[in-house]
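Quick note on labels: first sequence line is chain A, next is B, and so on, each numbered from 1. Predicted model, so just to flag it, every value in this text is computed and none were measured.
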Amino acid sequence: MSVLYYNAYIMAKKQAYDHRKIEKKWQKKWEASKIYKTDDKTLKLGQKKFYVLDMFPYPSGEGLHVGHPKGYIATDVVSRMKRMSGYKVLHPMGWDAFGLPAEQFAIKNKTNPMIGVKKTVARFKKQVSIIGLDYDWDREINTTDPKYYKWTQWTFLKMLEAGLAYESHEPINWCPSCKTGLANEDVEDGKCERCGTPVEKKPLRQWVIRITKYADRLLNDLEALEWPEPIKDAQRNWIGRSEGAEVAFKTNAGVDISVFTTRVDTLFGVTYVVIAPESKLIAEFGDNIKNQKEVAEFIKNTSKISDIERTAVDKPKNGLKLEGVVAINPANNEEVPVFIADYVLANYGTGAVMAVPAHDTRDYAFAKKYDLPIREVIQSENIKDEKRGENGDKKNVDELFVDDGVLINSSKFSGLNSEEARGKIAKTFGKLVTKYKLRDWVFSRQRYWGEPIPVIHCAECGVVPVPYKDLPVVLPRVKSYEPTGTGESPLANILSWVNVKCPKCKGPGKRETNTMPQWAGSSWYYLRYMDPKNDKALVDPKKEAFWSPVDFYVGGAEHAARHLIYARFWHKFLQDIGVVKYGEPFKKLQNVGLIMGEDGRKMSKRYGNVVNPDTIVETYGADTLRLYEMFMGPFDQEITWKTDNIIGVRRFLEKVWRLQERVMSDAGAGADKKTGGKKTNNSGAKIAAEGVVLDNPTEILFNQTIKKVTDDISTLGFNTAISQMMILVNQLEKLETIPKSVYLTLIKLLAPFAPHATEELWMLFGEKGSVHTSGWPEYDSSKLVLNTITVMVQVNGKVRDQFSAELGISKEEMEKLALDSKYIKDNFAGKTPSRIIVVPNKIVNLVY
RNA sequence: GCCAGAGUGAUGAAAUGGUAAACAUACUCGACUCAAAAUCGAGCGCCGCAAGGUUUGUGGGUUCAAGUCCCACCUCUGGCACCA
């Protein structure tokens, strides 16, 4: 049915469920009565608390599409259910608003980004509000608020004090289009994550955070987290721990080349050594290098090509021999040549590798290209000698074998397997070490719209932190937000801001003009919600102790290796300096599956497939939108939006609405308080006096529904929770009368999903207060199974017949009834089964 | 290449090793209606008029019993990737 048509239909049904009136009314009332406000005047440790958090959004100018609120609705359902269950609930919302999108908007419109952010926040908030989410808006935060970023800067200074923040001049990832340096995490496939431009290497002074110091803790503490395994794996992968060995190769230049390898068992197979073109060793070799000119040229050419070209896997490896330099393999004292090559990375391991072409794909390709010797030192345990030349001569063997195996040609280590050999060889010729792929966090951006890094450069004193009392260092207004592209941020042009006195010597100083990356503010925002107005501390320790950790965190999987790593790191640092108690910020994490456009592509303006939630709310209602997004499919799964399918949950809500006409007082409940004036007829009064009870099958279904909805919300099986309620409603529809207590229980179960309609019905039945602060229903565990059961008769595991019986029927009785069944009599008369398996109350399997 | 996840009707999907396809959409037929919509009723994996048979990516295995557990393979999705 078309949206237009449905509109007309709604208009015609004035008597019926009118979501427009109901939803606006209750949103206003809730706002006025502040029923969702989190009261933290009294916080007792041990009190039932639940902190449920959405990854806060970046309020972009485009506004919401229908996919954005999916996660918010889920946390809303959980938060409402927990509130009804008697928990003290914290469910806040805020804005992550520093960074490029807001800045680009500012450049385009020549307005201060603060103004742009205000506008987009207002729009965003309005869109979120009409969905009826139960946020405590008194706790709203914004990362661009100086009162907020004061504490982001404060933490940076603490890191500086702790030696975790340092200045570096190493070449970093540089996006020539965004004109800023990027962290490793901001580079995807060698391209800028933001704009897709291939990233270049650029030597630049920058602030870097020593996140690598936390690598092992970040890795080990993953174990205890209730996070989806794929996300944990992504983090493990990103941290990339490898156990290996460092071995020093002496050179004729008097400088050792230290190499890192995970395959020290192949040490006897080294036929050359390769160092990264950026390696400092090259300078240290000095005049020993005879082909200086070519080397300089090679280095220059390598630095020019972008990372994306350089790291393409199938790209031929380029290298150059350092003439005049030889390294000595400590294992056999053999002299081997030294190369520089683009396939060796300067910032991993030691920036130098020992090349074993017989047992490493890259070394093999390089050796083939430059015609270098290949020496086999590992043999497969399975394959015998068949692949090798006559007389055991392995000199010209060019077979590539990369697995573990048995050592050959390795003096006294020959015959050991790879694993044993690694330990022994490392001990003899080097040392065991652990390396991580994780890189230190490049923390400077040469852009305007970010938190100023609170340090002052003084010619006399060097880097001087801004005194804590002078925080925040407020981002000044500028005329132009354009990045300069020179490696300086636009802030450098505001001399009145830049030029300050050195806090130490009172001499002339200059403010740092780099700003922090977008991920800074979001690394600790969940702590600020606990205590949003505190000007004396990042968070009050008592409040932190009460609310931490976040019990349930919901957001997109794309943050696996960025926000979620940065936040964990930041938190651990705050733990180390005593600001927070626990080592992990987010106890349980759940990913939202994306909602795709009807054409199966990502929802985007570009494809014209964006569905706006406002339209859906206007046409079908917020409650319907909420139910639909929860009913679509498994929560964490990517799913295609289909406006046509919304009608199903809308029909369900209307059925629930209409059921109110059949509601009667329960047995013994006395006169009905009022059912909205609808049930005052004679028959109704009579039944009310006598009371209504459910028949056994419905009563069982009713209790099963309470159980299933309760369980499913906890395990995020929202879709099955809703279908269970649909089953109950379909059953209740068949009844003449419904006990009021049953109906009100249904309303409560539905309340987290459809808060407006249920609140209206709650009121219509004259119940006190709000359904959302009423208690969560409990089920009668003695009434979960039917008295009469259906037993299946199987032959060799295939269902052939069935019979009904009383619950609790004995095994013997079941067996007898099965043998008496028609199918068995017709087909197996007179035959005795070789085996009979009886599953109590369920199945009899006869094996013939 | 490495790591992880997923393959079930026309569609979204459901199923503690125990009746596969619940719930919902679409579709077909019927009731109501001058008519349409809404609503209600019936049907709806595949083969078959029916009785019945058969079905969870492919092939094997474990089990009385497999969508579910194990092995191999195919396909798709996501993450990582010259990380030594």
Side-chain angles (χ1 to χ4, degrees), chain A residues 1 5-6 8-10 12-13 16 188-190 228-238 240-242 244 259-264 266 274 310-317 341-345 347-356 359-363 365-366 402 435-439 557-558 560-561 591 594 628 631-634 636-642 644-649 651-652 654-655 658 717 719-727 729-730 733 790-802 833-839 842-848:
Chain A
M1 186 185 343
Y5 189 82
Y6 199 76
Y9 154 66
I10 297 280
K13 286 175 72 178
E188 271 173 12
D189 265 339
E229 252 341 283
I231 299 292
K232 289 204 211 178
D233 273 322
Q235 292 213 351
R236 285 186 193 112
N237 225 317
W238 190 262
R241 181 188 164 98
S242 10
V259 302
F260 173 69
T261 176
T262 53
R263 290 298 303 273
V264 74
T266 63
V274 194
R310 181 163 166 192
T311 60
V313 179
D314 44 4
K315 180 190 161 290
K317 295 161 187 16
D342 56 3
Y343 78 96
V344 174
L345 305 173
N347 50 3
Y348 180 74
T350 59
V353 301
M354 58 179 226
V356 187
H359 305 292
D360 180 277
T361 344
R362 295 150 303 184
D363 299 341
F366 191 78
V402 295
K435 297 281 178 191
Y436 297 93
K437 283 196 231 172
L438 185 72
R439 306 282 201 270
E558 69 273 16
N591 294 124
L594 272 184
Y628 177 59
F631 183 64
M632 288 175 87
D636 57 352
Q637 191 175 297
E638 181 180 298
I639 208 152
T640 305
W641 177 267
K642 284 212 176 74
D644 280 354
N645 286 15
I646 294 175
I647 192 70
V649 286
R651 279 181 192 144
F652 164 66
E654 288 180 11
K655 281 182 193 177
R658 283 198 304 267
N719 53 336
T720 47
I722 293 167
S723 63
Q724 182 67 30
M725 287 189 277
M726 286 173 166
I727 295 169
V729 166
N730 290 345
E733 266 197 320
T790 304
V791 176
M792 307 313 294
V793 180
Q794 295 185 335
V795 174
N796 301 330
K798 297 213 173 201
V799 176
R800 295 303 182 200
D801 208 338
Q802 64 182 59
S834 60
R835 201 173 156 187
I836 301 175
I837 291 100
V838 181
V839 183
K842 267 190 186 147
I843 274 172
V844 181
N845 189 10
L846 307 168
V847 184
Y848 282 95

Please tabulate, one pair per line, each protein N/O and nucleotide N/O from nucleotides 41-44 of chain B that are separated by under 3.5 Å, including the distance.
none

Counterpart base for B:G7, defined by Watson-Crick or G-U wobble contacts under 3.5 Å:
B:C74
If B:G48 has a Watson-Crick or G-U wobble mate with both distances under 3.5 Å, name it; if not, just say none.
none
Atom CD of A:Gln724 and atom P of B:A22: how far apart are they, to the nearest Å?
14 Å
Applying a 3.5 Å limit to both distances, which nucleotide forms a Watson-Crick or G-U wobble pair with B:A42?
B:U28
Is the distance from OP1 or OP2 of B:A84 to the nearest side-chain N or O of A:Tyr343 less than 4.0 Å?
no
So which nucleotide does B:C69 pair with, by the Watson-Crick or G-U wobble rule with both distances under 3.5 Å?
B:G61
Could you check how far CD of A:Gln794 sits from C1' of B:C64, rounded to whole Å?
9 Å
Protein-nucleotide distance (A:Lys437, atom NZ; B:G79, atom C1'), rounded to Å:
11 Å
Under a 4.0 Å N-O cut-off, is there an ion pair linking A:Glu229 with A:Lys232?
yes
Pair partner, B:A21 [Watson-Crick or wobble, under 3.5 Å]
none
Starting from C1' on B:A13, measure out to CE on A:Met726 and report it in whole angstrom.
12 Å
Re B:A37: Watson-Crick or G-U wobble partner, both distances kept under 3.5 Å, found to be none
Could you tell me how far apart A:Ile837 (CD1) and B:U19 (C1') are, to the nearest whole angstrom?
17 Å
Nucleotides 1-12 of chain B: protein proximity per nucleotide (B base, S sugar-phosphate only, - neither; heavy atom, under 4.0 Å)
---S------SB
Searching all strands shown, indicate the nucleotide that pairs with B:C80 (Watson-Crick or G-U wobble; both distances under 3.5 Å).
B:G1
Roughly how many Å is it from NZ in A:Lys317 to P in B:A84, rounded to a whole number?
14 Å
Tell me: CZ of A:Phe652 to P of B:A24, nearest whole Å?
9 Å
Are any side-chain N or O atoms of A:Asp636 and backbone N or O atoms of A:Asn591, one a donor and one an acceptor, separated by less than 3.5 Å?
no
Under a 90° cut-off about 0 for the syn range, is B:G57 syn or anti?
anti
Could I get a table of every N or O pair under 3.5 Å where one atom is in the protein and the other is in nucleotides 51-56 of chain B?
unit_1 : atom_1 : unit_2   : atom_2 : d
B:G53  : OP1    : A:Arg800 : NH1    : 3.2

Can you work out whether A:Val649 or A:Lys655 has the more 5'-proximal nearest nucleotide on RNA chain B?
A:Val649
CG of A:Asp636 versus P of B:G78: gap in Å, rounded?
16 Å
Could you say whether A:Val839 or A:Arg263 is positioned toward the 5' end of RNA chain B, judged by the nucleotide with the nearest heavy atom to each?
A:Val839
Output for pair (A:Thr266 OG1, A:Met354 CE), nearest 0.5 Å, gives 3.5 Å
